[in-house]
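One structure below.
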Amino acid sequence: MDKINLKGLTLKELEEFAVSNGESKFRGKQLFEWLYSKEAATFDEMTSISKALREKLSSIVNIGKIEIIESQKSSDGTIKYLIGLSDGKNIESVLIPSVIKFEESEEEIKRLTLCVSTQVGCPLDCKFCATGTMGLDRNLTAGEIIDQLIAVKKDIGKKITNLVYMGMGEPFLNYDNVMKSIEIISTGMDIAARRIIVSTVGLVPQIKQIADEKRKMKLAISLHSLDDKVRKEIMPIAKKHPLTDLIESIQYYYKKTRLRPTFEYILFDGVNDRFEDARHLIQLSNRIPCKVNIIPFHDNEITRGIKSSIRLKPSSKESSEKFIETLRKNHVTVFARSSAGKDINAACGQLVVGTKKIRKMQ
């Protein structure tokens with residue numbers, strides 16, 4: 001029989017585990033601190049727990065294990081990690097360093113943002129995303145999501161300040177494990193919920209669910225077009241969740257939480273970068289207080305091979321700048337995201353694991 005994996009259990013679950021094994025609830029709290037705050041990799045490291053109990057634990061449960069197989073560093077400082085899971089599957093995570101400067105002062109904030117994956121592959125087949133070509137293998141456990149953070153922290157020897165669930169997979173298709181990982185990270189690993197962003201293609205029931213559950217992390221929606229026909233062509237999930245339903249769910253979310261969502265918007269030449277497209281975004285921002293992230297299209301040899309009835313290519317610099325200027329003139333809060341890690345295929349939409357990379361862990 002496989003041992004229970006403690007990594008990914010919440011404080012309450014660890015306390016229940018301790019009691020069910022004849023220990024006090026306090027032992028569960030100790031395990032929570034060792035697993036997450038102190039990031040212990042073995043039971044031997046848990047020195048405040050008796051040797052007898054450590055031996056007992058090692059015989060009935062494990063802590064789980066992932067492994068950094070390789071890393072690549074971009075010219076802009078971005079690092080892409082190929083990570084091996086215990087069953088031989090592989091995922092990618094991306095570390096993005098950035099400096100935020102304030103115009104009115106000399107003050108600046110240095111950020112280290114980790115982009116984590118939530119699935120091995122992705123089933124949604126968005127026409128601009130290389131990950132979708134993999135299909136879906138399986139969901140990650142809460143522990144495997146958390147272990148991406150722990151592994152990268154140990155690799156760089158620095159604190160991760162921000163976390164984004166924007167790597168491989170659709171987070172809301174792995175809802176329970178994603179929410180459990182956020183609960184653990186925000187309560188036990190020194191990253192507040194307000195510094196965590198979850199990105200979704202727009203799964204309506206789950207958007208309403210996080211509103212009803214009063215989740216405190218930030219929400220980002222992969223929007224990319226306010227033309228239903230276009231959106232259905234480039235994002236097949238829109239056939240199930242059309243724009244009217246999606247926008248209604250976001251209005252519901254804002255009304256319940258009073259948190260501004262972020263709309264992610266990749267600019268495609270001649271497809272969604274025209275004045276009328278900007279006007280539609282302006283109208284939406286007047287209905288729902290929001291932020292808009294403008295993202296360049298990061299194509300590569302994989303995305304260029306994806307079949308689509310709409311030809312997708314990057315918007316020109318002139319068109320992009322004009323689009324952004326139009327939004328800003330109309331008082332839309334706009335951020336123009338850089339192409340961090342593009343030279344190592346680590347930018348938005350470029351993550352994919354080929355079969356030749358798969359290696360069985362020992």
Side-chain angles (χ1 to χ4, degrees), residues 74 78 80 91-92 94 96 115 117-136 164-173 197-203 220-243 246 261-274 277-278 280-281 284 292-317 319-320 323-324 334-354:
S74 166
T78 299
K80 181 171 72 171
I91 56 172
E92 290 182 329
V94 181
I96 308 165
C115 177
S117 293
T118 56
Q119 296 180 304
V120 181
C122 181
L124 295 181
D125 194 30
C126 295
K127 303 306 179 184
F128 48 83
C129 182
T131 309
T133 63
M134 294 174 59
L136 177 66
V164 293
Y165 287 67
M166 297 183 184
M168 303 170 88
E170 162 55 54
F172 281 172
L173 289 179
I197 300 175
V198 177
S199 175
T200 176
V201 295
L203 302 188
I221 312 291
S222 293
L223 187 62
H224 311 311
S225 179
L226 282 165
D227 181 323
D228 234 343
K229 183 178 179 181
V230 170
R231 199 165 187 272
K232 288 174 181 177
E233 289 294 335
I234 64 175
M235 303 176 70
I237 192 65
K239 297 172 185 176
K240 183 176 182 179
H241 300 294
L243 279 167
L246 175 59
T262 295
F263 293 117
E264 299 171 320
Y265 199 94
I266 299 175
L267 286 176
F268 303 108
D269 182 50
V271 175
N272 66 350
D273 62 350
R274 300 158 297 182
D277 299 304
H280 290 152
L281 261 181
L284 178 61
V292 176
N293 268 359
I294 300 298
I295 307 170
F297 178 34
H298 302 124
D299 61 342
N300 57 22
E301 67 278 5
I302 295 176
T303 55
R304 286 191 288 270
I306 297 174
K307 293 182 179 180
S308 173
S309 60
I310 297 177
R311 186 185 178 195
L312 299 179
K313 60 180 182 177
S315 183
S316 68
K317 182 180 179 182
S319 294
S320 298
F323 190 92
I324 293 169
V334 183
F335 297 92
R337 193 185 298 177
S338 65
S339 299
K342 184 179 180 180
D343 57 329
I344 57 171
N345 284 330
C348 181
Q350 291 188 320
L351 299 186
V352 64
V353 175

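Note that these values count all heavy atoms, side chains included, but never hydrogens, waters or copies made by symmetry.
With sequence neighbours excluded, the residues that form a side chain to side chain contact (heavy atoms under 4.5 Å, CB included) with S320 are L267, S315. By the ring-ring contact (aromatic ring centres under 6.0 Å, His included) test, F263 pairs with no residue at all, sequence neighbours left out. S225 meets the side chain to side chain donor-acceptor pair (under 3.5 Å) test with no other residue; sequence neighbours excluded. With sequence neighbours left out, the side chain to side chain donor-acceptor pair (under 3.5 Å) criterion links S199 to E264. In this view, S308 satisfies the side chain to side chain donor-acceptor pair (under 3.5 Å) rule with no residue, not counting sequence neighbours. Every salt bridge (Lys or Arg N to Asp or Glu O under 4.0 Å) that D299 has, sequence neighbours left out, goes to R304. With sequence neighbours excluded, the residues forming a side chain to side chain donor-acceptor pair (under 3.5 Å) with Y165 are S181, listed by chain and number.
For the side chain to side chain contact (heavy atoms under 4.5 Å, CB included) with L223, the lone residue among L284, N293, V292 that qualifies is L284.
For the atom pair M166 CE and T200 OG1, the distance stands at 11.0 Å (nearest 0.5 Å). The distance from atom NZ of K313 to atom CG of D269, rounded to the nearest 0.5 Å, is 4.5 Å.
Between H224 and F268, the angle of the ring planes goes over 60°, which puts this pair in the perpendicular group of the 30/60° scheme.
Evaluation of the side chain to side chain donor-acceptor pair (under 3.5 Å) test over residues 226-242, restricted to residues two or more places apart or in two chains, returns E233-S309.
Under a 3.5 Å cut-off, the side chain of S117 and the backbone N or O of E92 do form a donor-acceptor pair. Judged purely by atom type and a 3.5 angstrom limit, Q119 uses its side chain to pair as donor or acceptor with the backbone of E170. A side-chain donor-acceptor contact under 3.5 Å links N272 to the backbone of I266.
A pairwise comparison of heavy atoms in P171 and V198 identifies CB-CG1, 3.7 Å as the closest pair. When every heavy atom of T78 is checked against every heavy atom of G341, the shortest pair comes out as OG1-N, 3.6 Å. Scanning all heavy atoms of the two residues, the minimum distance from S74 to I344 falls at N-CD1, 3.7 Å. Across all non-hydrogen atoms, the minimal contact from Y265 to D277 is OH-CB, 3.6 Å.
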Quiz prompt | Verdict with supporting geometry, F335 and T262, side-chain contact (heavy atoms from CB on, under 4.5 Å) | solution = CA-CA 10 Å; F335 297 92; T262 295; over 6 Å; no

Check: residues 120-136 side-chain donor-acceptor pairs under 3.5 Å, at least two apart:
unit_1: D125; atom_1: OD2; unit_2: K127; atom_2: NZ; d: 2.8
unit_1: T131; atom_1: OG1; unit_2: L351; atom_2: O; d: 2.4
unit_1: T133; atom_1: OG1; unit_2: A130; atom_2: O; d: 2.6

